[in-house]
Amino acid sequence: MSTGTPSYNPLERAADPRDLIQALGLKDVILLGWSIGGMAAQVALTLYPQEISHLVLLGSTPPGDLVKPAEQLFTILPART
């Protein structure tokens, strides 16, 4: 069972993969982040580079303010399939 208060802040969420990696005693982890999880994964890699060897991002942006919205192509094509 999870404890704590849910957060959508990528900086706060970056501790989650670190805690899991440490609890399982893993090394050189390949971390995958999707959407807001991708933002948290980028922060985690920056804060804990000794734990993570590779990062895979899906449908994500850099953490911070959105500078450029997604291209319309990425919302139209999936709707057609």
Side-chain angles (χ1 to χ4, degrees):
M1 173 181 250
S2 297
T3 61
T5 304
S7 171
Y8 290 101
N9 180 325
L11 184 58
E12 292 175 12
R13 295 185 86 161
D16 293 342
R18 180 212 53 204
D19 293 346
L20 182 62
I21 291 166
Q22 290 177 351
L24 296 175
L26 302 174
K27 296 287 182 198
D28 298 324
V29 170
I30 299 170
L31 185 62
L32 182 140
W34 175 50
S35 190
I36 193 169
M39 290 186 263
Q42 292 172 71
V43 174
L45 178 62
T46 302
L47 295 177
Y48 318 112
Q50 68 281 4
E51 313 276 348
I52 302 165
S53 65
H54 293 79
L55 188 62
V56 178
L57 302 173
L58 299 171
S60 188
T61 63
D65 294 335
L66 184 61
V67 177
K68 182 178 186 252
E71 295 290 331
Q72 189 176 11
L73 175 70
F74 291 106
T75 56
I76 293 172
L77 287 180
R80 291 184 182 175
T81 59

- Item | Residues forming a side chain to side chain contact (heavy atoms under 4.5 Å, CB included) with Ile21, sequence neighbours excluded | Leu26, Val29, Glu51, Ile52
- Item | Minimal non-hydrogen separation, Ala14 against Ala40, with atom names | CB-O, 3.7 Å
- Note: with side-chain heavy atoms under 4.5 Å as the link, the other cluster members for Val43 come out as Leu11, Leu47, Tyr48
- Going by the side chain to side chain donor-acceptor pair (under 3.5 Å) test, which pairs reach into residues 29-44, not counting sequence neighbours? none
- Message: Looking at every non-hydrogen atom in both residues, tell me the closest pair between Pro17 and Leu31 and how far apart they are.
- Response: CB-CD1, 4.0 Å
- Query: Once you round to the nearest 0.5 Å, how far does CZ of Arg18 lie from CZ of Arg13?
  - Reply: 15.0 Å
- Message: Restricting to side chain to side chain contact (heavy atoms under 4.5 Å, CB included), what partner residues turn up for Ser53, sequence neighbours left out?
- Response: Asp28, Ile30
- Message: If hydrophobic clusters are built from ILVMFWY residues whose side chains come within less than 4.5 Å, do Leu32 and Leu20 share one?
- Response: no
- Query: How does the hydrophobic cluster around Ile36 look, that is, which other residues are in it when side-chain heavy atoms under 4.5 Å mark a link?
  - Reply: Tyr8, Met39
